[in-house]
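Written out below as structure tokens is the structure these notes cover.
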Amino acid sequence: YLTASDNNNISENTANGNSEDGIYLTASDNNNISENTANGNWAGIFLDGSISHLIKMNTATGNNFAGIYLYSSNSNTISGNTANGNSEDGIYLTSSDNNNISENTANGNNFAGIYLYSSSNKNTISVNTASSNSQYGIYLESSSDSTIYLNTFDNTNNAFSDSANNWNITTPWTFAYNGRILTGFLG
């Protein structure tokens with residue numbers, strides 16, 4: 001539990017089986033949260049009113065709510081994490097804007113792999129795997145102006161959005177496919 005704590009490196013910790021959160025930061029900025037294990041808590045990793053964190057290569061599975069939970073937390077990078085088998089969602093954002101969610105695995109959660117709720121706007125969700133979730137791969141509720149592309153889904157319902165979001169990359173991207181270099185807009 002850290003409050004008003006900035007510019008720290010929180011790495012290689014095990015925070016399992018807590019009745020509250022495994023790792024919790026409130027009103028804290030610019031921290032590196034990496035290579036931690038936070039399983040079997042209420043939330044594995046929880047940011048509350050926190051800005052500009054790097055949340056990378058953590059494992060947050062089997063939590064009672066979400067693997068990674070951001071509340072009113074903006075401009076964070078969530079990348080390369082495993083958030084599987086949580087009782088609600090793998091990665092859950094509420095009232096959180098301008099976050100980059102990429103290259104995460106959010107499989108086998110009881111609602112959604114990735115869930116943006118309540119004015120979580122202008123986020124980028126790319127190159128994630130969200131499969132075998134009970135309801136949705138990606139679920140956006142009352143959240144708009146996000147860009148979602150190149151994610152892998154295999155769920156009963158792969159995606160839902162009740163607001164205007166962009167489901168393709170917004171600028172041309174150069175990539176290799178079958179030995180050829182191609183440029184285009186990808187979804």
Side-chain angles (χ1 to χ4, degrees), residues 21-23 25 33-34 36 38-39 41-48 50-170 186-187:
D21 309 302
I23 297 170
L25 284 79
I33 305 165
S34 63
N36 298 289
N39 301 333
N41 306 291
W42 184 75
I45 298 169
F46 181 15
L47 301 185
D48 181 2
S50 296
I51 298 171
S52 296
H53 295 283
L54 174 61
I55 304 168
K56 185 172 184 177
M57 298 178 63
N58 299 284
T59 300
T61 62
N63 293 288
N64 292 327
F65 177 60
I68 298 170
Y69 175 28
L70 274 61
Y71 175 80
S72 194
S73 294
N74 304 322
S75 303
N76 297 288
T77 298
I78 303 168
S79 181
N81 299 286
T82 301
N84 297 340
N86 296 289
S87 294
E88 292 294 325
D89 308 299
I91 299 170
Y92 180 86
L93 278 64
T94 186
S95 303
S96 297
D97 300 334
N98 297 305
N99 295 288
N100 184 1
I101 304 166
S102 66
E103 300 179 18
N104 299 287
T105 301
N107 296 337
N109 297 289
N110 283 339
F111 187 73
I114 300 170
Y115 186 167
L116 275 60
Y117 176 69
S118 185
S119 298
S120 289
N121 303 318
K122 299 180 182 176
N123 294 289
T124 300
I125 304 170
S126 64
V127 198
N128 298 285
T129 300
S131 296
S132 301
N133 296 290
S134 295
Q135 297 296 318
Y136 293 91
I138 294 179
Y139 192 90
L140 288 84
E141 182 178 358
S142 302
S143 297
S144 62
D145 299 319
S146 289
T147 301
I148 303 105
Y149 63 93
L150 292 181
N151 296 285
T152 300
F153 306 116
D154 186 9
N155 306 278
T156 302
N157 303 293
N158 287 322
F160 171 83
S161 174
D162 63 3
S163 306
N165 290 287
N166 184 356
W167 291 83
N168 292 298
I169 192 168
T170 57
L186 302 174

Atom pair OG/CG of S120 and D145 - distance to nearest 0.5 Å: 12.0 Å
S161 OG to I138 CD1 distance, which is reported to the nearest 0.5 Å: 10.5 Å
Derivation of the side chain to side chain contact (heavy atoms under 4.5 Å, CB included) call for L116 and I101: CA-CA 11 Å; L116 275 60; I101 304 166; 4.3 Å; yes
Results of ring-ring contact (aromatic ring centres under 6.0 Å, His included) for F153 - residues two or more places apart only: none
Considering all heavy atoms, the nearest S79-E103 contact: OG-CB, 4.3 Å
Side-chain donor/acceptor of N86 to backbone N/O of G62, under 3.5 Å: yes
F46 CZ to L25 CG distance, which is reported to the nearest 0.5 Å: 10.5 Å
Flag, side chain of D162 to backbone of S142, donor-acceptor distance under 3.5 Å: yes
Minimum-distance pair of heavy atoms, taken over all atoms of M57 and N81: N-OD1, 3.2 Å
Donor-acceptor under 3.5 Å (S163 side chain, S144 main chain): no
A38 backbone acceptor or donor facing N63 side chain under 3.5 Å: yes
Partner of I148 under side-chain contact (heavy atoms from CB on, under 4.5 Å), chosen from N128, T124, L140, N166: L140
Qualifying side chain to side chain donor-acceptor pair (under 3.5 Å) pairs, either residue in residues 64-77, two or more places apart: N76-N99
Considering all heavy atoms, the nearest G67-A83 contact: CA-CB, 4.4 Å
Value rounded to 0.5 Å, distance of OG1 in T147 from NZ in K122: 11.0 Å
For the student: nearest non-hydrogen atoms of N133 and N107, plus distance: OD1-C, 3.6 Å
Parallel, tilted or perpendicular, as decided by the 30° and 60° cut-offs, for the rings of Y136 and F111: tilted
Donor-acceptor side-chain pairing of D89 and N109 below 3.5 angstrom: no
Minimal non-hydrogen separation, D154 against S131, with atom names: N-OG, 3.3 Å
Donor-acceptor contact present, side-chain N165 to main-chain S146, <3.5 Å: yes
Interatomic distance, N151 atom CG to T129 atom OG1 [nearest 0.5 angstrom]: 8.0 Å
Spacing of S119 atom OG and E141 atom CD [to the nearest 0.5 Å]: 10.5 Å
Minimum-distance pair of heavy atoms, taken over all atoms of I114 and I125: CD1-CG2, 4.0 Å
